[in-house]
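A short worksheet on the structure shown next.
Every value quoted in this text rests on a predicted model; they were computed, and no experiment measured them.
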Amino acid sequence: MDFLSELRSRLRTALISMTDSPDSFVEMLKPAQDGKFGDFQANCAMPLAKLSKRPPKDVAAELLEKLDVADLCEPPEIAGPGFINLKLKTARLAEETAKLSQDERLGITRVATPRTYIVDFSSPNVAKPMHVGHLRSTVIGNALCRVLRFLGHQVLSDNHVGDWGTQFGMIIYGYKHFRDDAAYQRDAVAELSRLYRLVNQLADYHDLVANLPKLHEQLPLKHAAIAAARQAAAAAPADKDAARLLKKSEQELIDLQAEIAAAVKKRVAVEERPELKQLADAHPKIGELARRETAKLHAGDQENKQLWDEFVPQCMAALEGMYQRFGITFDMALGESWYNPMLAGIVDELKQKQLAVISDGATCVFVEGNTAPFLVQKADGAYTYATTDLATIRHRVESLHADACLYVVDSRQSEHFQLLFATAKKFGYSQTEFRHVSFGTVLGEDRRPYKTRSGDTIGLESLLDEAIQNARKIVDANSSHLSEAERANVSVLVGMGAIIYVDLHHNRDSDYVFSWEKMLATSGDTATYNQYAYARVCGILRKGEVDAIALRAAGHSILLDTPAERALALQLNRFANAVADVAIDYRPNLLTQYLFETANCFASFYNECPVLSAEPAALKASRLLLCDATARVLKQGLSLLGIGVADQM
RNA sequence: GCGCCCGUAGCUCAGCUGGAUAGAGCAACGGAUUUCUAAUCCGUCGGUCGGAGGUUCGAAUCUUCCCGGGCGUACCA
């Protein structure tokens, strides 16, 4: 039973005669933060007392008179300034745990009013190989889909792939000029990706060669600015603005020098390789020409469209392989290209409704409170992702009847989504919940964000491979009792689990530092710890030759005489609440936290409470039931995160 | 310049619709195995919650300012 929800509901009833708005007070009933305060604590007497200007303890006492929890709890206690401490009756907890152990859904009821969710996640550029930066969206989006679905909502996952952008011009240009046919035959996607990088590098090269002199010209200006600022600061030592200006000028110089250094490095990278330099010299206008290929594609050029038709399915198939490794299937993958036919109509309509205006030749929607425009059509007539995203919203609302659209996208795009949602609202889509489920950046060990185009990002494929290889070493060291095939299987589960779990266990808002050490750790708060706990439960059931179905059906009682058993039982009953919490603000880390605590409760139980040798038979049966329920909670919970388990490891 | 986000233990992070002595993991140190997997458990050490003021009975949480960092900011997506 979800005791927290039940107690809150009882509290609400008690509060009705004491306040008009019980909601916020009901929320103040929480799991106790310390075991000595009982199992739950209600903190609402103090703020209520403030409103009525009465002593908090009097309010708490009045609340207790009205609070009917006698069937659930020991007599509540008032402590400190007016905290109400609740402790469940162990007999009732045992009863509810027995019920839980027989419930197929482990106490998680389906929501009364299911909504239709569109979850937009992963969304890579099909022309480029996926890298670490794609991990979070993929993993968080998948977890949210699974959780929402399990709660009974209708969920449509959508991979909004980038299949229509400027990168295709680069690939087409590269294909026309630089392709290696043999390589293309062997592995088309790898060759396309090489071509993309090559064209990008050459275009960059010409840009920076053109730009470097300008950067150098700025150097003396920056020096002069610093000198001036230094003088001003010296003249007025107390002037904070002057000091700040000096600091800023110095920083600008450092930034400029870094920019120059980076540019020089890139230039050298091309010039020190004669074959690259030769290509660069032979294609001086490569950037512009690549853009022109994109424009031709968009304009319906036959040759380019044909190439695009040839490339995209191969790219999608390659992505598919990646998603299989994560166990992800999308309900749809409607990329940018799919919305292309609707873009002109969107812009027309925006103009008709007088939402969009022409500014500097571009068609823009201006949203109050934002200086940046929402740019739906460029001066050259091309549409932007703003336009595509509006078309996407139209489809999701009008054809898919979405109640909520979640965008699992990097927090750096928050401004875009703010504008998008505001524009959608103006457009008339005001009944739908739009939510940017944003997440922080994956940082390098130097605490600098990974730069997409710096060239040395870690490919996702190799990341997964390395995690699995590493897991294999650990499995080999620990699991001589497993067969070769079993070890291979466990290595995949452990390696993939490690990566997924590390990502999900962070609050999604935070940036986090990518480190191999953490990615591959198997102790502490990790997927492996949870998987291992699961395997240990399975070990007990296996060794005891327990038929789980029969065990559940037998109707044994649960006995909770030791602290470890009681704590585990209480924890198992919290499962429903933990899963529901994930859906409130789309935070999977709440579930990893819950699962770790559960596995931890089990490990303590495992240490202190023998199962198979327990006497009498009723105690053994009770402990077996606890084991079985724990295993199912762990397996189900991990599965909601996209992480698998093995019976033995 | 403007906007958004962040600063919590040596490290990586929870906690942030205000609530009792601020929690984990890692690292360090010390214990636990005749018993179901030690990929484990138990314990110890470790914090002016960036700084200062304000609101409050009560602030890591709300507010103002300051310091430090990240990101975004009109034709890339």
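- A 3.5 Å limit on both hydrogen-bonding distances identifies B:G70 as the Watson-Crick or G-U partner of B:C4.
- Put simply, the side chain of A:Ser359 and the base of B:A74 share a donor and an acceptor less than 3.5 Å apart.
- Base pairing analysis places B:U40 opposite B:A32; the two distances defining the Watson-Crick or G-U wobble pair are each below 3.5 Å.
- In this structure, A:Asp503 atom CG and B:G25 atom P are separated by 21 Å, rounded to whole Å.
- Ring pair A:Tyr383/A:His298: centre-to-centre distance not below 6.0 Å.
- Listed candidates were B:U73, B:A39, B:G19. Nearest to the side chain of A:Met46 is B:G19.
- Figure legend. B:U55 is base-paired to no nucleotide; pairs are counted as Watson-Crick or G-U wobble with both atom distances under 3.5 Å.
- Rounded to an integer number of Å, the gap from A:Glu545 CD to B:C36 P is 16 Å.
- Both geometric conditions, a ring-centre gap below 5.5 Å and a plane tilt below 30°, are fulfilled for A:Phe83 over the base of B:A20.
- Side chain of A:Ser604, nearest nucleotide from B:C42, B:C13, B:C57: B:C42.
- A:Cys609 comes within 4.0 angstrom of a nucleotide base, judged by non-hydrogen atoms across all strands.
- Taking atom CG of A:Asn589 as the reference point, atom P of B:A24 lies 17 Å away to the nearest angstrom.
- Nucleic acid contact for A:Phe596: sugar-phosphate only, since backbone atoms but no base atoms lie under 4.0 Å from a heavy atom of the residue.
- At a threshold of 4.0 angstrom between heavy atoms, the contacts of A:Ala362 include nucleobase atoms, whether or not backbone atoms are also involved.
- Comparing the same atom, C1', in B:A60 and in B:G50 gives a spacing of 12 Å after rounding to whole Å.
- Each of A:Ser479 and A:Leu541 was assigned the nucleotide of RNA chain B with the nearest heavy atom; the assignment lying further toward the 5' end belongs to A:Leu541.
- Within the 4.0 angstrom heavy-atom criterion, no nucleotide atom of any strand lies near A:Glu597.
- Among the heavy atoms of the strands, none lies under 4.0 Å from A:Gln167.
- When rounded to the nearest whole Å, the span between CG of A:Asp58 and P of B:C57 equals 17 Å.
- The distance between atom NE2 of A:His416 and atom P of B:C76, rounded to the nearest whole Å, is 15 Å.
- For the P atoms, the distance from B:C5 to B:C65 is 15 Å, rounded to whole Å.
- The six-membered or imidazole ring of A:Phe417 lies near that of A:Tyr407, with a centre-to-centre distance under 6.0 Å.
- For A:Arg508 and A:Tyr586, the positive end is not near the middle of the six-membered ring at less than 6.0 Å and at most 45° from its axis.
- Across all strands, A:Cys627 comes closer than 4.0 Å to no nucleic acid atom at all (heavy-atom distances).
- The aromatic ring of A:Tyr529 is not stacked on the base of B:A39, since the criterion of ring centres less than 5.5 Å apart with planes inclined by under 30° is not met.
- Straight-line distance between the C1' atoms of B:U61 and B:C49: roughly 10 Å, to the nearest whole Å.
- Between A:Gln33 atom CD and B:G15 atom P the separation is 15 Å, expressed in whole Å.
- For A:Asn507, the listed nucleotide lying nearest its side chain is B:A14; candidates were B:A14, B:U37, B:A24.
- Within 4.0 Å of A:Ala49, counting heavy atoms only, lies no atom of the nucleic acid at all.
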Practice task
Please lay out, stage by stage, how A:Glu565 and A:Leu619 fare under the test side chain to side chain contact (heavy atoms under 4.5 Å, CB included).
Solution key: CA-CA 11 Å; A:Glu565 286 169 294; A:Leu619 182 61; 3.9 Å; yes

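- Under 4.0 angstrom from either OP1 or OP2 of B:G70 there lies no side-chain N or O belonging to A:Arg412.
- Judged purely by atom type and a 3.5 angstrom limit, A:Gln377 has no side-chain atom pairing as donor or acceptor with the backbone of A:Ala382.
- Of the P atoms belonging to B:U34 and B:U48, the separation is 42 Å, rounded to the nearest Å.
- Checked against B:C26, B:U37, B:A14, the side chain of A:Lys543 finds its nearest nucleotide in B:U37.
- Across all strands shown, nothing is found opposite B:U48 as a Watson-Crick or G-U wobble partner with both distances under 3.5 Å.
- Across A:Ser122 and A:Ser137, no two heavy atoms sit closer than the pair N-OG, 2.7 Å.
- A:Asp511 comes within contact range of the sugar-phosphate backbone alone, with a heavy-atom separation under 4.0 Å but no base atom that close.
- A:Pro47 comes within contact range of at least one nucleobase, with a heavy-atom separation under 4.0 Å.
- Between B:G15 and B:G31, the distance separating the two C1' atoms is 30 Å to the nearest Å.
- With distances taken from any side-chain atom of A:Asn607 to the nucleotides B:A38, B:C41, B:G19, the minimum falls on B:C41.
- Judged by Watson-Crick or G-U wobble contacts below 3.5 Å, the nucleotide B:U17 has no partner.
- Side-chain atoms of A:Phe366 lie closest to B:A74 of the nucleotides B:U37, B:A14, B:A74.
- Backbone-only contact: A:Ser523 has heavy atoms under 4.0 Å from sugar-phosphate atoms and none from a base.
- Remark: the separation of the C1' atoms in B:G19 and B:G58 is 7 Å, to the nearest Å.
- A salt bridge links A:Arg574 with A:Glu597: the closest approach of a Lys/Arg side-chain nitrogen to an acidic carboxylate oxygen falls below 4.0 angstrom.
- Proximity of A:His416 to A:Phe374: side-chain heavy atoms (C-beta onward) are separated by under 4.5 Å at one or more points.
- Nucleotides B:G46 and B:G10 have their P atoms positioned 11 Å apart, rounded to a whole Å.
- For B:A20, its base sits under 3.5 Å from the side chain of A:Asn85 at one donor and acceptor pair at least.
- Between A:Met649 and A:Lys50, the one whose closest nucleotide on RNA chain B sits nearer the 5' end is A:Met649.
- Comparing B:C41, B:A38, B:C71 by their nearest atom to the side chain of A:Tyr606 picks out B:A38.
- Contacts of A:Asn600 with the nucleic acid, taken as non-hydrogen atoms under 4.0 Å apart, involve only primed sugar atoms and P, OP1 or OP2.
- Using a 3.5 Å distance cut-off with no hydrogens or angles, the side chains of A:Ser123 and A:Asp120 do pair a donor with an acceptor.
- Contact between the side-chain N/O atoms of A:Ser510 and the OP1/OP2 oxygens of B:A14 is found at a separation under 4.0 Å.
- A:Ser613 comes within 4.0 angstrom of no nucleic acid atom, judged by non-hydrogen atoms across all strands.
- Listed nucleotides: B:A20, B:A39, B:C42. Nearest to the side chain of A:Gln41: B:A20.
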Exercise for the section: Go through the steps for A:Phe439 and A:His506 under the test ring pair (Phe, Tyr, Trp, His ring centres under 6.0 Å), then give the verdict. Expected result: CA-CA 10 Å; A:Phe439 54 83; A:His506 290 93; over 10 Å; no

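- Using atom C1' as the reference point in both B:G54 and B:G72, the two lie 31 Å apart (nearest Å).
- Among the atoms of the strands shown, none is found under 4.0 Å from any heavy atom of A:Ala382.
- Within 4.0 Å of A:Gln531, counting heavy atoms only, lies no atom of the nucleic acid at all.
- Between A:Asn43 atom CG and B:U17 atom P there is a gap of 13 Å when expressed in whole angstrom units.
- Here the P atom of nucleotide B:G23 and the NZ atom of A:Lys30 are 14 Å apart, to the nearest Å.
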